[in-house]
Amino acid sequence: MKSKKLAGALAALLAATSMAGCSGSGEGDAGTAAVIYGGSNYVRIVDEELNNALIAGKKTTDMDASIESYKKAFVKESELAPYLPIYGNHLFNIFKKGVNVTTGPVCNWSQALADASIDGGDTLVVGMAQELAGLFSPLYAISSYDQYVVNMVYQSLLAYDANSELYGQAAVEVPEAAEDGKSVTFKLREGLKFSDGSDLTAEDVKFTFTLAADPEYIGGRLDGTFDFIEGWDDYQEGEAEEVSGIVVDDDHTITFKLAEPDIDAVTTIGSLGILSSEQFPYSKGAMGEYKDNNSATLGSNAYKVHNYDKSSGASLVKNENYAGEGEFSIPKVVIKTVAASTELASLQNGDVNYFPELIEPGIIAPATKDDKLAYDYYFRAAEGYVGFNCADGPTADPAVRQALSYATDRQGFVDAFYDMSKAAEDAQNVGLGYVPTAFWSPVAVGMGDATTGTAEIEGAVKYDFDIEKAKQVLEEAGWVEGSDGIREKDGQKLTIKFLASEGNAVLDMLIPMIMDSWGQIGVDLQQSTVDFNTLIDTVGIDSVDTTSWSCFFMATSFTGLSNTSMNDLLGYTEFNLSE
C-alpha cells in the first residue's frame, strides 16, 4: 500500500474522518481502513461504497460493466452530497470581427489555435477575469487559466479536437490497449522538438511519467491517477530506480505495461503534457526546479512563453522549432488580466480582441448587438458547483449537506442569472444555462444524459428546491432550532463558513439567494472573500486547513469524454484493511 504524503494534511484528514490509527507507513491498527487520497478531492469525502464503485468502474476493460459501476457511484455521490452542482451552461466567445477561433465541448480555445487567424493582425490579445498563477507545468497546473498556457506550450500524446474527437498529438495515432488490457503502446511522431531545438523522444515521455511517480511529487496528478501502471508504487514508495512498467522500445515507441486493466488507460496516459528530460537536473526524491520553477517552460507545442508577470499576465510567441500539425498562423498570443465587469468595454475599446468562455448575460447580451463584435458558443463540458467540507464542522454531517442542497433554489438562480431576454434575437434562442441533476461530467459516455437531466438513473437524489424538506432533514438528524433561530446539535451551531472568490458574478447573485433560503432553515451563513488562487490553496488536497471553511464555490471543466475523471474529483481512494 502506498503511504505517500500521509503526514501533515492527510493525517489531519484521517483523524477528521474517523480514520485515525493509520501510521506514517500507511498501515492501520487491526481492522482499521487506511486511505490514500488522489486527484483533486477538495471536499475530503471518504466513503467505502462510493470508493468501491469508482474502483470497479475504473479497473475493467468492459465499457458496459464500467458504466453500470459508475451509475452506482452516481447514486451514492448524490446521496452523500459532497458537491452540489449549481449550473451547467453554454459558453460564449466574444471577439472583434476578423478574429477566427473555433472551439468545442472538450477542446478549449488554446487547443484550437492551429486553425485560428486574425484579419490584418499578428497578435491575439485574450482577456481573462482571473490572474494566472504561473503554474505552467503539466504536472502542477491547477486552474484552467494556467492550463490554457500549458496546452499552448506542451504536447501530450493525445488530445481532443473541437469535435470532441481524440487524436494523436505527439503520438502518431490513438492506440488500442492490448486485448487483455495489460499494455498499451504509443508510436511518437518523428521530428518533434522542444522549443530549445532538442529532440522529443520516448525517453522524455518516460521521464515525464517518472516525475509524476516521484516520492517528492505533490501536484495535480496525485496518487491514483497513474498507479495502474506496473511498478508505479515500487518507484513511489520503494527502492526501485525506475518505473518498471514504462518501457522505451526505441526513440519513437514506448509501451506502458499495466498492473491491472483500466477502462481509460489510453486517454489517461495520453493526456499528460510531455516535459524535457534535459531542462533541469533530476534524481529520485529531488525534483528540484521541476517542482520549484513552474513558470520556466520548455515544451514541444506551437508556442513558448515569452514573458510572464502575475499582475499583467503572459505573452507567448510561436515556437520556431515546432514540428507538429496545424498552421498556427497567429505569431503572438497575449493573455492579460481584465478587471471584472470591464470585459465588454475592453473588447469595445480594443484592449483585448478575444474574450473566451463567457457565461454572464450582462456581458454577452449587449455584445451580441454590437456590430463591431462577433460571437460563437458551444455546450460547456463543465459545471459550477458548491463543494462541502466533509471532514470538519457542521457539513461533516451528510444531513446538513443534504439540507443545504434542498434549500438552494438552483433553478431560480439559473433562470435569473442566464436571462438572455436583452440579447440579440438569434442569441436569445440559446439555452444558456441548465441545472445539472448531479455532480458529474455532462459529456461522459453513458452518464452525460443523466447529468443534464435528459435521462434518469434510478435512486439518484435530485435535490429539487424544497425548504420544508430541508427543515425535516435537519430535524430528523437532531439539528434543533435555538432561541436565536440558529440550529444547533450537541452544542455546535449550524454556522456555515462560505469561502468565495472575489470578482465572481455568479456569487454576486448566488450568495444573497442562499443567505435568504439557508437562513430560513436555521443556518448562520458567514462569507469570506479571497482571490481565486488563495481559494485553491485553502481547499486543495495538500492544505491542512479543515476548519476555516464549510463550503466554497468553484467551476470544474472536464477535458475528456470518460467517467474516470470523477475518480479524481470525488476523491479516488484505496481502502486496504490490515490483517
The residue among D376, N353, L373 that forms side chain to side chain contact (heavy atoms under 4.5 Å, CB included) with I94 is L373
For residues Y160 and Q111, determine if any side-chain heavy atom of one lies less than 4.5 Å from a side-chain heavy atom of the other.
no
Given F228 and K59, is the side-chain contact (heavy atoms from CB on, under 4.5 Å) satisfied, shown in steps?
CA-CA 8 Å; F228 56 83; K59 297 182 179 181; over 6 Å; no
Just checking, any donor-acceptor pair under 3.5 angstrom between side chains of S66 and N563?
no
F92 CZ to L432 CG distance, which is reported to the nearest 0.5 Å
6.0 Å
Could you tell me the separation between the OG1 atom of T103 and the CG atom of L91, rounded to the nearest 0.5 Å?
8.0 Å
Could you give the distance from CD (Q428) to CG (D419), rounded to the nearest 0.5 Å?
9.0 Å
May I ask you to check whether F256 and F226 place their ring centers less than 6.0 Å from one another?
no
Answer yes or no: is there a donor N or O on one side and an acceptor on the other, between the side chain of T451 and the main chain of P442, under 3.5 Å?
no
Test side-chain contact (heavy atoms from CB on, under 4.5 Å) on N301 and N151 and set out the steps.
CA-CA 8 Å; N301 214 340; N151 290 340; 5.8 Å; no
With a 6.0 Å cut-off (strictly less than), is the heavy-atom count around CD of Q527, excluding the residue itself, greater than 12?
yes
Using the side-chain contact (heavy atoms from CB on, under 4.5 Å) rule, take D122 and K332 through it: C-alpha gap first, then chi angles, then the decisive distance, then the call.
CA-CA 6 Å; D122 63 358; K332 185 177 182 180; 5.9 Å; no
Is it the case that atom NZ in K72 sees more than 12 heavy atoms from other parts of the structure closer than 6.0 Å?
no
Can you tell me if E425 has over 12 outside heavy atoms packed within less than 6.0 Å of its CD?
no
Donor-acceptor pair, distance only, cut-off 3.5 Å: does the side chain of D146 make one with the backbone of I142?
no
Should the ring pair Y377 and H90 be called parallel, tilted or perpendicular, given that the plane angle runs from 0 to 90° and is split at 30 and 60?
perpendicular
Less than 3.5 Å apart, any donor N or O on the side chain of N307 or S315 sitting next to an acceptor on the other?
no
Looking only at heavy atoms, the pair that brings Y463 and A81 closest together is OH-CB, 3.7 Å
Enclosure of Q411 CD (heavy-atom neighbours >12, cutoff 6.0 Å):
yes
Spatial distance of atom CG (D464) from atom CG (D466) [nearest 0.5 Å]
8.0 Å
Are D351 and V338 packed together at the side-chain level, in the sense that at least one heavy-atom pair is separated by less than 4.5 angstrom?
no
Aromatic plane relationship, Y385 with Y83 - under 30° parallel, 30 to 60° tilted, over 60° perpendicular
perpendicular
Exercise: do N533 and Y145 side chains pair donor with acceptor under 3.5 Å
no
Can a donor-acceptor pair be found between the side chains of T60 and D62 at a distance below 3.5 Å?
no
Please give me the minimum heavy-atom distance between S562 and D264, naming the atom from each residue.
CB-OD2, 2.7 Å
Could you tell me the separation between the CZ atom of R189 and the CG atom of L157, rounded to the nearest 0.5 Å?
11.0 Å
Less than 4.5 Å apart, any side-chain heavy atom of D370 and any of Q348?
yes
Please tell me if the side chains of F553 and L535 come closer than 4.5 Å, counting only heavy atoms from C-beta onward.
no
Between R410 (side chain only) and P436 (backbone N and O only), is there a donor and an acceptor less than 3.5 Å apart?
yes
With side chains defined as the heavy atoms from C-beta onward, is the minimum distance between V386 and I86 less than 4.5 Å?
yes
Verify the distance criterion only: is there a donor paired with an acceptor across the side chains of T452 and Y434 at less than 3.5 Å?
no
Under 4.0 Å between a Lys/Arg side-chain N and an Asp/Glu carboxylate O for K71 and E458?
no
For the backbone of A323 and the side chain of K193, can you confirm whether one donor and one acceptor N or O come within less than 3.5 Å of each other?
no
T102 vs D115, side-chain contact (heavy atoms from CB on, under 4.5 Å): CA-CA, chis, key distance, verdict
CA-CA 8 Å; T102 302; D115 302 318; over 6 Å; no
Strictly distance-based, threshold 3.5 Å: is any side-chain N or O of Y308 a donor or acceptor partner for the main-chain N or O of L132?
yes
Do L113 and Y303 have side-chain heavy atoms sitting under 4.5 Å apart?
yes
Quick check: are there more than 12 heavy atoms from other residues, nucleotides or ligands sitting under 6.0 Å from NZ of K97?
yes
